[in-house]
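Heads up: the structure comes next, in structure tokens.
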Amino acid sequence: MKKFYITTPIYYVNDKPHLGHSYTTIAADILARYCRSKNVEVFYLTGTDEHGSKIAEAASKNGFTPQEWVDKNVEEFKLLWERLNISYDYFIRTTGEKHVKKVQEVFSKLLKTGDIYKGKYSGWYCVACESYYTDTQILSFACPDCAKEVWKLEEESYFFKLSKYQDALLEYYEKHPEFLQPSWRALEMKNFVKSGLKDLSVSRTKVKWGITVPGDEAHTIYVWFDALLNYLSAAEGKNIWPCDVHFIGKEIFKFHAVIWSAMLMALGEKLPKTVFAHGWWTVNGEKMSKSKGNFVNPHTFIDNYGCDAYRYFVMSQIPFGQDGDFSEKSFFDKYNSNLANNLGNLISRTFSMLEKFSLQDIKAEVDKESSLGKLIVDFDKKYSKFMESIEFIKALELIWEVINEANKTIDSEKPWNLFKIDKVKLEKVLKNLLSAIEIVSKSLSCFMPETSEKIKKIIMDRKVTEPLFPRKDGKD
RNA sequence: CGCGGGGUAGAGCAGUCCGGUAGCUCGUCAGGCCCAUAACCUGGAGGUCGUAGGUUCAAAUCCUACCCCCGCAACCA
């Protein structure tokens with residue numbers, strides 16, 4: 001049996017899960033479900049990143065130990081994934097014993113091979129923000145975040161020999177065009193690597209909440225070095241490395257395309273087959289940010305519209321990879337027009353006709369001569385192509401093409417007239433519609449699992465008991 | 001000359017590689033239908049395709065210059 005290993009990033013537990021987190025996780029879920037539907041054995045990994053100074057800070061501010069704090073916050077993520085019907089196979093936490101051990105093991109190994117060495121890190125340090133900044137980030141000796149004075153400091157640090165892998169990385173990108181996607185984003189990464197890589201500081205003396213460097217208690221391991229290794233530690237013993245797809249947001253593309261890849265090279269491990277960086281959401285045209293407090297809380301939309309409507313909206317609103325905008329207005333419009341009117345109403349009218357014309361016993365059968373039938377015949381091939389090239393929006397458009405054509409067919413064939421004049425034709429038309437609905441239900445199972453099940457049940461019962469997506473009123 | 005993405009109807013986007021009647025969704029207007037969740041179907045209105053030049057019989061599409069928006073520019077996941 002083929003195996004497929006897919007991951008989301010591990011999310012930093014200090015934030016509550018928002019639109020961005022849910023987007024990546026839903027996308028990965030859709031691909032995972034698609035693969036399972038093709039009888040591929042899937043390992044879908046998600047989890048949380050639980051180390052770092054910000055977490056320690058927040059914990060103490062709230063009167064918790066860091067561990068208590070992350071234990072509490074991780075539940076927020078698990079709850080949301082449950083509500084969104086996320087079918088992950090394993091949830092990794094970087095404070096887990098197995099992961100910690102793996103990270104220290106890797107660190108020791110690279111120390112031994114010389115890919116990690118002890119050196120001196122120097123940079124501009126802001127006492128208030130407790131972090132370092134580079135020359136380019138500093139404007140006239142002021143911290144770019146809080147504008148306070150910064151000081152040139154130097155401290156002992158372990159470094160990863162990132163520079164050593166510059167040429168190997170470029171060669172790898174060249175030989176594996178499918179590795180970094182979308183390709184236009186890959187160009188950015190290539191240019192970045194070409195511009196020259198510096199060795200990466202992978203330990204901190206000022207951060208206490210982290211995995212300690214084996215044999216050197218004064219240092220903790222840099223959170224990214226720790227976090228990236230989750231993909232490897234979670235897979236240990238499962239014989240599924242290399243990973244097939246890392247789904248990530250564009251803001252962390254570099255960490256995956258460059259640092260993670262170099263780490264794997266240093267370890268002698270294979271690189272993942274694909275790293276796919278999706279775009280960012282704006283909200284009502286504005287960037288999501290803490291200062292604006294405009295993070296979209298998925299729960300609000302799940303409460304009002306349901307889990308599947310939410311999954312549908314985020315996938316249908318923008319092509320996967322590009323940036324896009326989230327607004328309640330567009331959510332509302334899409335819900336009504338695509339889900340309630342097109343899909344929901346198609347199901348309603350079809351099954352009410354079956355009942356009205358006493359044709360509940362007929363079986364689905366494609367009329368290959370009809371334009372609807374032609375769509376159905378070509379469907380699987382096109383659908384698979386879009387899913388496999390991670391063009392989710394195109395797969396959805398294809399499904400809606402069938403839905404719209406089915407609605408058109410009803411209008412042009414006028415079954416209510418056929419009922420009076422041509423019962424043979426009537427059956428033919430309705431059988432064709434049934435096969436359209438079957439294929440819609442089947443192909444929607446990755447995107448909207450609950451809805452897909454509901455439609456299946458409607459097909460079985462030959463009866464709609466309640467609307468799939470009740471139309472919403474009250475918004476302009 | 002740091003790197004990259006983008007500027008096409010009221011909104012959101014496709015089309016640009018491989019020039020040839022400017023297309024889709026939503027909204028809007030008119031008509032149709034009556035099976036259906038006031039849903040569905042058909043048609044109309046609405047764009048000098050960021051600006052200025054150039055190549056060509058023909059440019060949203062190719063070339064040149066410029067303007068505007070948005071990311072990235074490594075130690076905050």
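First the proteins, then the strands, lettered A, B, ... as listed; each starts at 1.
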Of A:Y12 and A:L187, the one whose closest nucleotide on RNA chain B sits nearer the 5' end is A:L187
- prompt: If you measure from the Lys or Arg side-chain nitrogens to the Asp or Glu carboxylate oxygens, is any gap between A:R349 and A:D411 under 4.0 Å?
  reply: yes
With sugar-phosphate meaning primed atoms plus P, OP1 and OP2, does A:G196 contact a base, only sugar-phosphate, or nothing at under 4.0 Å between heavy atoms?
base
Of the listed B:rA74, B:rU37, B:rC33, the closest approach to the A:F192 side chain comes from B:rA74
ask   = Where the side chain of A:E450 meets the backbone of A:D308, is there a donor-acceptor pair that is under 3.5 Å apart?
value = no
Under-4.0 Å side-chain N/O to phosphate OP1/OP2 contact, A:N341 with B:rC40: yes
Taken to the nearest whole Å, CG/A:D325 to C1'/B:rA11 is 11 Å
Original post:
Which part of the nucleic acid does A:L162 contact within heavy-atom distance under 4.0 Å: base, sugar-phosphate only, or nothing?
Top reply: base
message: If I pick the P atom on B:rG44 and the same atom on B:rG4, what distance separates them, to the nearest angstrom?
response: 43 Å
Practice item. Keeping the roles fixed (side chain from A:H21, backbone from A:H18), state whether a donor-acceptor pair exists under 3.5 Å. Key: yes
- Query: OP1 or OP2 of B:rA14 less than 4.0 angstrom from a side-chain nitrogen or oxygen of A:Q322, does that happen here?
  - Reply: yes
The Watson-Crick or G-U wobble partner of B:rG31, with both key distances under 3.5 Å, is B:rC41
Closest of B:rC35, B:rA39, B:rA36 to the A:M353 side chain is B:rC35
Mate of B:rG15 across any strand shown (Watson-Crick or G-U wobble, both atom pairs under 3.5 Å) is B:rU8
*Could you tell me whether the side chain of A:N345 has a donor or acceptor atom within less than 3.5 Å of a complementary atom in the base of B:rA36?*
yes
Please tell me if A:R349 has a side-chain N or O lying less than 4.0 Å from either OP1 or OP2 of B:rC40. no
Subject >> Heavy-atom donor-acceptor pair, A:K472 side chain to A:N304 backbone, under 3.5 Å >> reply: yes
Quick note, A:E188 side chain, CB onward, closest among B:rA36, B:rC34, B:rC3 is B:rC3
> With a non-hydrogen cut-off below 4.0 angstrom, is A:A227 in contact with a base, only sugar-phosphate, or nothing?
Replying inline: nothing
Regarding the side chain of A:N407, the nearest nucleotide among B:rA14, B:rC41, B:rU37 is B:rC41
Closest to the side chain of A:K254, out of B:rA36, B:rC34, B:rC72, is B:rC72
* Any side-chain N or O of A:N342 under 4.0 Å from OP1/OP2 of B:rA39? -> no
Only residue of A:V429, A:N404, A:N432 satisfying side chain to side chain contact (heavy atoms under 4.5 Å, CB included) with A:L372 is A:N432
- Item | Pairing of A:K54 and A:E57 as salt bridge, 4.0 angstrom limit | no
Regarding the side chain of A:D411, the nearest nucleotide among B:rG4, B:rU37, B:rC41 is B:rC41
Just checking A:L197: base, sugar-phosphate only, or nothing, at a heavy-atom cut-off of under 4.0 Å? base
note: A:M189, atom CE; B:rG2, atom C1'; distance rounded to Å ~ 15 Å
Assert: residue with more 5' nearest nucleotide on RNA chain B, out of A:H18 and A:N404, is A:N404
| task | Classify the nucleic acid contact of A:S348 as base, sugar-phosphate or nothing, counting any heavy atom under 4.0 Å across all strands shown. | result | base
Heavy atoms under 4.0 Å, any strand shown: does A:Y121 hit a base, just sugar-phosphate, or nothing?
-> base
Counting only side-chain nitrogens and oxygens, does A:K356 get under 4.0 Å of the OP1 or OP2 atom of B:rA36?
yes
When we call it a touch if two heavy atoms are under 4.0 Å apart, what does A:P470 touch: a base, just sugar-phosphate, or nothing?
base
Ranking B:rG4, B:rG71, B:rA36 by distance to the side chain of A:K250, first place goes to B:rG71
Checking N1-N3 plus N6-O4 or O6-N4 for Watson-Crick, or N1-O2 and O6-N3 for wobble, each under 3.5 Å, the partner of B:rC3 is B:rG71
Out of B:rU37, B:rA74, B:rU42, minimum distance to the side chain of A:L200 belongs to B:rA74
When rounded to whole Å, the CZ to C1' distance for the pair A:F313 and B:rG12 reads 10 Å
Review point. Within the structure shown, what part of the strands sits under 4.0 Å from A:S201 by heavy-atom distance: base, sugar-phosphate, or nothing?
Key: base
Practice task
Keeping the roles fixed (side chain from A:S261, backbone from A:A257), state whether a donor-acceptor pair exists under 3.5 Å.
Solution key: yes
### Query
Within the structure shown, what part of the strands sits under 4.0 Å from A:I259 by heavy-atom distance: base, sugar-phosphate, or nothing?
nothing
(message) So A:F253, base contact, sugar-phosphate only, or nothing? Heavy-atom distance under 4.0 Å.
(response) nothing
